[in-house]
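Every heavy atom of this structure was used, including side-chain atoms; hydrogens, water molecules and symmetry mates were not.
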Amino acid sequence: QVYVVESGGGSVQAGGSLRLSCAASGYSFITSCMGWFRQAAEKEREEVATMSLSTGTTHYAGSVKGRFTISQDSAKNTLHLQMNLLKPEDSAMYFCAAIPLAWGDCPVSAGAYPYWGQGTQVTVSS
């Protein structure tokens with residue numbers, strides 16, 4: 001059974017930082033694609049950042065590039081998202097997602113990821 005569980009959301013003022021974590025189990029972490037996605041009210045779910053756990057290749061949405069950093073802790077089967085210089089428009093429910101067996105570049109479309117966590121809320125006030 002594949003499990004993906006997020007933690008670390010919360011409320012912060014604009015310009016602040018938060019770190020999200022995603023604990024994964026039930027599959028080989030190192031052969032997967034994993035990603036962070038977000039969904040604001042009345043908006044579609046969108047990619048924030050994705051990472052190939054086998055190659056370390058990352059991809060960021062243009063809106064977060066230079067402010068957010070995706071990273072892995074393979075020893076703990078954990079994915080992180082460090083979010084700096086947060087803006088009110090970053091407010092959303094953030095989800096971690098996984099494709100257990102994936103090679104090459106990771107997809108940026110949410111529909112390509114079969115396993116999802118329950119989400120963690122990030123609220124940035126101005």
Side-chain angles (χ1 to χ4, degrees):
Q1 186 80 14
V2 174
Y3 290 101
V4 178
V5 181
E6 307 95 339
S7 61
S11 297
V12 66
Q13 289 192 326
S17 298
L18 284 173
R19 188 183 193 220
L20 306 183
S21 296
C22 173
S25 62
Y27 64 95
S28 177
F29 189 74
I30 198 63
T31 62
S32 65
C33 273
M34 294 191 71
W36 289 99
F37 295 79
R38 66 187 182 188
Q39 187 167 15
E42 300 183 358
K43 291 190 176 180
E44 292 189 357
R45 193 167 296 189
E46 63 177 5
E47 181 222 17
V48 175
T50 56
M51 185 175 198
S52 166
L53 279 297
S54 60
T55 67
T57 302
T58 59
H59 181 273
Y60 294 91
S63 60
V64 307
K65 196 173 293 185
R67 300 188 297 123
F68 291 12
T69 302
I70 189 171
S71 63
Q72 61 171 302
D73 182 346
S74 296
K76 298 180 180 179
N77 281 14
T78 302
L79 187 75
H80 300 289
L81 184 69
Q82 178 66 43
M83 305 185 294
N84 298 329
L85 299 174
L86 283 160
K87 305 175 181 180
E89 52 263 44
D90 293 318
S91 296
M93 185 72 79
Y94 282 69
F95 298 90
C96 180
I99 304 173
L101 285 175
W103 310 103
D105 293 339
C106 292
V108 301
S109 170
Y113 289 75
Y115 296 103
W116 291 82
Q118 79 288 351
T120 186
Q121 180 68 39
V122 171
T123 302
V124 185
S125 58
S126 57

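Put simply, Val48 and Leu79 are part of the same group of oily side chains (I, L, V, M, F, W, Y) that touch within less than 4.5 Å, one to the next. Cluster annotation: Met83 is not connected to Phe95 through the hydrophobic network of ILVMFWY side chains, with a link wherever side-chain heavy atoms come within less than 4.5 Å. Residues Ile99 and Tyr27 fall into different hydrophobic clusters, defined by Ile, Leu, Val, Met, Phe, Trp and Tyr side chains chained together at heavy-atom separations under 4.5 Å.
To the nearest 0.5 angstrom, Leu81 atom CG is 11.5 Å from Met51 atom CE. From Leu101, atom CG reaches atom OG of Ser28 across 7.5 Å, with rounding to the nearest 0.5 Å. The distance from the CG atom of Leu86 to the OG atom of Ser11 is 11.0 Å, given to the nearest 0.5 Å. Distance check, rounded to the nearest 0.5 Å: CD1 of Ile30 to OG of Ser54 gives 7.0 Å.
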Using atom types as modelled, flag every donor-acceptor pair under 3.5 Å from a side chain in residues 55-67 to any protein atom, sequence neighbours excluded.
unit_1: Thr55; atom_1: OG1; unit_2: Ser52; atom_2: OG; d: 3.0
unit_1: Thr55; atom_1: OG1; unit_2: Thr57; atom_2: N; d: 3.2
unit_1: Thr55; atom_1: OG1; unit_2: Thr57; atom_2: OG1; d: 2.9
unit_1: His59; atom_1: ND1; unit_2: Glu47; atom_2: OE1; d: 3.3
unit_1: His59; atom_1: ND1; unit_2: Glu47; atom_2: OE2; d: 2.7
unit_1: Tyr60; atom_1: OH; unit_2: Ile70; atom_2: N; d: 2.8
unit_1: Ser63; atom_1: OG; unit_2: Arg38; atom_2: NH2; d: 3.4
unit_1: Arg67; atom_1: NH1; unit_2: Leu85; atom_2: O; d: 2.9
unit_1: Arg67; atom_1: NH1; unit_2: Asp90; atom_2: OD2; d: 2.8
unit_1: Arg67; atom_1: NH2; unit_2: Ser63; atom_2: O; d: 2.8
unit_1: Arg67; atom_1: NH2; unit_2: Asp90; atom_2: OD1; d: 3.0
unit_1: Arg67; atom_1: NH2; unit_2: Asp90; atom_2: OD2; d: 3.4

For residues 119-126, dump all side-chain donor-acceptor pairs below 3.5 Å to protein atoms at least two apart in sequence or in another chain.
unit_1: Thr120; atom_1: OG1; unit_2: Gly9; atom_2: N; d: 3.1
unit_1: Gln121; atom_1: NE2; unit_2: Ala92; atom_2: O; d: 3.3

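Ser25 places no side-chain N or O within 3.5 Å of a backbone atom of Val4 that could act as its donor or acceptor partner.
Checked against side chain to side chain contact (heavy atoms under 4.5 Å, CB included), Ser109 has no partners two or more places apart in sequence or in another chain. For Asn84, the side-chain hydrogen bond (donor to acceptor under 3.5 Å, both in side chains) criterion is met by Ser17, Gln82, not counting sequence neighbours.
For residues 106-126, the ring pair (Phe, Tyr, Trp, His ring centres under 6.0 Å) pairs, not counting sequence neighbours, are Phe37-Tyr113, Phe37-Trp116. Residue pairs meeting the salt bridge (Lys or Arg N to Asp or Glu O under 4.0 Å) criterion with at least one member in residues 3-26: none, sequence neighbours excluded.
Across every non-hydrogen atom of Gly10 and Leu18, the tightest pair is O-CD1, 3.8 Å. Residue Val2 comes nearest to Gly26 through the heavy atom pair CG2-O, 4.0 Å, listed as atom of the first residue, atom of the second, then distance. Residues Ser21 and Thr78 come closest through the heavy atom pair CB-CG2, 4.3 Å.
You'll find the side chain of Cys22 reaches within 4.5 Å of the side chain of Trp36, heavy atoms only.
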Would Gln72 and His80 count as a side chain to side chain contact (heavy atoms under 4.5 Å, CB included) if you check the C-alpha gap in whole Å, the side-chain angles of each, and the deciding distance to 0.1 Å? CA-CA 6 Å; Gln72 61 171 302; His80 300 289; over 6 Å; no
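Atom CD of Gln118 is surrounded by more than 12 heavy atoms from other residues, nucleotides or ligands within 6.0 Å.
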